[in-house]
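Below is one structure, written out as structure tokens, with a few remarks after it.
Proteins come first, then strands; the chains are lettered A, B, ... in the order of their sequence lines, and each starts at number 1.
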Number of protein chains: 2
Amino acid sequence: MARYSKIKNILKSRNLRITDGRVDVLEFFFRKGKTLSIKEIQEELKDSDRVTLYRILNAFTENGVLHKIPDDSGQVTFGLCHDTCDAEDHNHDHMHFKCLDCGTIECLEQQVPEVSIPGYQVKEANLILKGLCKSCAA
Amino acid sequence: MARYSKIKNILKSRNLRITDGRVDVLEFFFRKGKTLSIKEIQEELKDSDRVTLYRILNAFTENGVLHKIPDDSGQVTFGLCHDTCDAEDHNHDHMHFKCLDCGTIECLEQQVPEVSIPGYQVKEANLILKGLCKSCAA
DNA sequence: GTTTATGTACAACAATGTTGCAAAAATGCA
DNA sequence: TGCATTTTTGCAACATTGTTGTACATAAAC
Ligand SMILES: [Mn+2]
Ligand SMILES: [Mn+2]
Ligand SMILES: [Zn+2]
Ligand SMILES: [Zn+2]
């Protein structure tokens with residue numbers, strides 16, 4: 001499927017209107033094929049309004065288009081959600097990897113191992129690995 | 001050991017000078033016995049300078065007194081490090097739990113399970129669980 | 001094409017974090 | 001204790017990041 005059609009479908013399936021800004025943001029995610037920080041998106045889409053960009057990213061996060069990736073740097077990073085995510089049910093059960101050399105944050109295919117803590121009710125688990133990514137370790 | 005002596009020892013062992021502000025921050029951590037956000041610390045130490053507080057927290061983080069806990073909320077949270085941490089070697093290999101009800105973030109005793117990813121060099125792993133904490137689940 | 005719900009642009013604000021620097025305090029030593 | 005040295009603080013100013021209100025523009029539905 002052509003990329004633009006794919007993007008339109010994603011937006012439609014989440015009941016989000018197809019607007020230039022939203023298409024541009026999603027197109028950038030597909031083109032780069034990696035997680036992106038707000039700063040990177042802003043640098044790419046220089047002439048778009050900052051407030052609008054925040055609202056787009058919030059809408060995407062609330063509706064299962066993107067997911068936020070926790071990171072102690074404070075810099076928020078976003079990754080594309082799986083097709084199965086929607087407003088009610090995000091599935092962020094995969095691991096993330098942050099490269100200490102190039103700074104890239106990747107979504108990994110591997111699932112986070114199940115953990116149970118006596119007395120606690122675990123609903124979600126985020127595992128962030130740090131080290132050297134495939135390219136930087138080679 | 002008295003709390004103030006303990007605090008002095010921590011600072012001395014990290015080659016940090018013993019100042020009122022630093023003692024107050026550490027005393028607050030020991031008194032609460034839990035992780036604290038910058039906001040909580042600011043609210044407790046109302047008349048301390050904001051810049052100084054940031055510098056204290058940075059010094060503590062760099063020298064193995066506190067560790068930052070990743071969280072997709074963007075709110076930075078700090079927890080006390082183990083005695084064994086120093087500037088060269090932080091050990092943050094325990095899991096964290098964020099309660100979706102009361103918002104508290106706890107350091108858990110449990111270690112993060114070892115993970116290896118082919119081609120990657122994993123140096124550090126952070127696992128953040130979300131759900132209901134012991135008090136809120138009961 | 002007209003209507004209506006939704007999204008955008010702009011301005012203004014709020015919160016969060018950083019830098020430079022002079023004054024103050026902590027440490028080490030005579 | 002008194003003094004020199006080094007580190008830390010307090011303040012002002014700035015930078016970055018994120019939010020809110022609102023009039024206008026646009027997408028979707030009819
Ligand atoms: Mn991901
Ligand atoms: Mn911890
Ligand atoms: Zn890398
Ligand atoms: Zn709780």
Side-chain angles (χ1 to χ4, degrees), chain A residues 4-5 7-28 35-78 86-87 103, chain B residues 4-5 7-28 36-66 68-78 86-87 103:
Chain A
Y4 180 55
S5 299
I7 289 172
K8 279 198 295 185
N9 282 343
I10 290 175
L11 292 173
K12 272 184 195 156
S13 71
R14 269 71 168 196
N15 288 312
L16 294 170
R17 291 192 173 178
I18 297 158
T19 67
D20 293 359
R22 287 173 176 171
V23 172
D24 286 349
V25 169
L26 273 186
E27 197 278 331
F28 188 43
T35 67
L36 296 169
S37 67
I38 293 188
K39 187 176 281 184
E40 287 174 295
I41 302 168
Q42 276 179 324
E43 277 164 11
E44 173 72 13
L45 308 172
K46 282 188 192 65
D47 43 352
S48 73
D49 185 67
R50 209 164 50 89
V51 177
T52 301
L53 181 54
Y54 275 104
R55 290 203 255 233
I56 289 174
L57 293 173
N58 283 342
F60 283 1
T61 304
E62 280 163 15
N63 292 281
V65 179
L66 297 177
H67 59 282
K68 282 191 184 181
I69 302 163
D71 174 11
D72 54 14
S73 84
Q75 272 257 56
V76 182
T77 305
F78 293 88
D86 61 27
Chain B
Y4 180 54
S5 299
I7 289 173
K8 279 199 295 186
N9 282 341
I10 290 175
L11 292 173
K12 272 185 195 156
S13 71
R14 268 71 167 198
N15 287 312
L16 294 170
R17 292 191 173 179
I18 296 157
T19 67
D20 293 358
R22 288 174 176 171
V23 172
D24 285 349
V25 170
L26 273 186
E27 196 277 329
F28 188 43
L36 296 169
S37 67
I38 294 189
K39 186 176 278 182
E40 287 174 295
I41 302 169
Q42 276 179 326
E43 278 164 11
E44 172 73 13
L45 308 171
K46 282 188 194 63
D47 43 353
S48 73
D49 184 66
R50 210 165 50 90
V51 176
T52 301
L53 182 55
Y54 276 105
R55 290 202 259 232
I56 288 174
L57 293 173
N58 283 342
F60 283 0
T61 305
E62 279 163 15
N63 291 282
V65 179
L66 297 178
K68 282 191 186 182
I69 302 164
D71 174 12
D72 55 13
S73 85
Q75 273 259 52
V76 181
T77 304
F78 293 89
D86 61 28

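Direction of the helix axis in the helix from C/dG1-D/dC30 to C/dA30-D/dT1 shifts by 40° between the two five-pair termini, rounded to 10°.
At least one side-chain heavy atom of B/Phe78 sits less than 4.5 Å from a side-chain heavy atom of B/Lys68. Contact of the B/Leu36 side chain with the B/Thr77 side chain is not registered, since no non-hydrogen atoms from C-beta on lie closer than 4.5 Å. Between A/Asn15 and A/Asn63, every side-chain heavy-atom pair lies at or beyond the 4.5 Å cut-off.
Whole-Å rounding puts the A/Leu57 CG to C/dT8 P distance at 11 Å. Between the CD atom of B/Glu62 and the P atom of C/dT18 there is a distance of 11 Å, rounded to whole Å. To the nearest angstrom, P of C/dA26 lies 6 Å from CG of B/Asp20. If you measure from atom CG of A/Leu11 to atom P of C/dG7, you get 10 Å, rounded to the nearest angstrom. Atom pair A/Asn58:CG and C/dT8:P shows a separation of 12 Å (rounding to whole Å applied). In this structure, B/Ile18 places its CD1 atom 13 Å from C1' of C/dA25, rounding to the nearest Å. In this structure, A/Arg14 places its CZ atom 15 Å from P of C/dG7, rounding to the nearest Å. When rounded to the nearest whole Å, the span between CD1 of B/Ile7 and P of C/dA26 equals 16 Å.
For B/Arg55, the side-chain atoms get nearest to C/dC21 when compared with the rest of C/dC21, C/dA26, C/dG17. For B/Lys39, the side-chain atoms get nearest to C/dT16 when compared with the rest of C/dT18, C/dT16, C/dT19.
Counting 5' to 3', DNA chain D first comes under 4.0 angstrom of a heavy atom of chain B and last does so at the ends given by D/dT6 to D/dA12.
For A/Glu27, the side chain to side chain donor-acceptor pair (under 3.5 Å) partners at least two apart in sequence or on another chain are A/Arg3, A/Arg31. Partners of A/Glu40 by side chain to side chain donor-acceptor pair (under 3.5 Å), not counting sequence neighbours, listed by chain and number: A/Lys34, A/Ser37. For the side-chain contact (heavy atoms from CB on, under 4.5 Å) test, residues two or more places apart in sequence or in another chain that qualify with A/Asp49 are A/Val51, A/Thr52. For B/Tyr4, the side-chain contact (heavy atoms from CB on, under 4.5 Å) partners at least two apart in sequence or on another chain are B/Lys8, B/Ile18, B/Val23.
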Pairs under 3.5 Å (N/O, protein and nucleotides 3-5 of chain C):
unit_1 : atom_1 : unit_2  : atom_2 : d
C/dA5  : N3     : A/Arg17 : NH1    : 3.1

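Along DNA chain C, the nucleotide closest to B/Thr19 and the one closest to B/Tyr54 are compared, and the more 5′ of them pairs with B/Tyr54.
The stretch residues 43-53 of chain B touches DNA chain D through B/Asp49, B/Val51, B/Thr52, each having a heavy atom under 4.0 angstrom from the strand.
The salt bridge (Lys or Arg N to Asp or Glu O under 4.0 Å) analysis of residues 15-24 of chain A, with sequence neighbours excluded, yields no pairs.
Between the side chain of B/Arg14 and the main chain of B/Phe60, no donor-acceptor pair closer than 3.5 Å is present.
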